[in-house]
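Questions regarding the structure given below will be posed in turn.
Predicted model, so just to flag it, every value in this text is computed and none were measured.
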Amino acid sequence: MNSVVELNEQAPPKGIEVSIVKKEFCKPFVYPTRFELHFSIAHLQWFKNNPYEYIEKMNGTDKDLAAHFMIINQYGIVLYGKQIAEVFGEVQDEYYIDSIWEDVKNAKEDIFVNPVYVILNLCRVTAFLEERLCLSKTKSGKWGD
């Protein structure tokens, strides 16, 4: 975790996000997906204040991993290790839809706080539902233009 925090200091302002997931939940794909440890900038202060508690408690399941795995399957690039198809199984459409729906289900309220994020996610959901396009937020914004 100290290495992850150190890498995060070199990241863009949004920070990095990392989830450690056992292969048994990746292939075949299990939804919602269990993770052993997660890091994002949103939890940085918790880790700094109490690293042992953070490592002990920062685990569980995360529906958002279905969207990440779908993107990995579509656009991922192996930097080191096994090929993507050896590690990640197919994400069923129903799980992907449920995963991306989680990001937009409160859009009416959230759009006032983070309009760009919400609009891009709404485009992403619509692109998949209308054309079965699996797009990043950036590409979905171009699609919705």
Enclosure of K139 NZ (heavy-atom neighbours >12, cutoff 6.0 Å): no
So F35 and I20, do their side chains get closer than 4.5 Å, heavy atoms only?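 Counting from C-beta outward, I20 and F35 never come under 4.5 Å.
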Does H38 reach the side chain of V18, with side-chain heavy atoms less than 4.5 Å apart?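 Sidechains of V18 and H38: no contact.
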Decide yes or no for Y117 and L122: does some side-chain heavy atom of the first lie under 4.5 Å from some side-chain heavy atom of the second?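 Heavy-atom side-chain distance check fails, nothing below 4.5 Å.
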With a 4.5 Å limit on heavy-atom distance, are the side chains of T33 and H68 in contact?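 In short, these two side chains do not touch, never coming nearer than 4.5 Å.
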Would you say the side chain of F69 lies within less than 4.5 Å of the side chain of I72, judging by non-hydrogen atoms? yes
For Y54, check ring pair (Phe, Tyr, Trp, His ring centres under 6.0 Å) against everything at least two apart and list the hits. W46, F47
Are the side chains of K137 and N121 in touch, meaning some heavy atoms are under 4.5 Å apart? yes
Which heavy atom of C134 sits nearest a heavy atom of Y96, and at what distance?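 What the structure gives for the nearest pair is SG-OH, 3.8 Å.
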For the residue pair E102 and S99, establish whether any side-chain heavy-atom pair is separated by less than 4.5 Å. no
Ring centre gap for F88 and F29 strictly below 6.0 Å: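 Between F88 and F29, the centre distance exceeds or equals 6.0 Å.
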Just do the salt bridge (charged side-chain N to carboxylate O under 4.0 Å, His left out) check on E36 and R34 with the steps written out, would you? CA-CA 7 Å; E36 302 304 309; R34 175 151 180 71; 3.7 Å; yes
Report yes if the side chains of E17 and F39 come closer than 4.5 Å at any heavy-atom pair, otherwise no. no
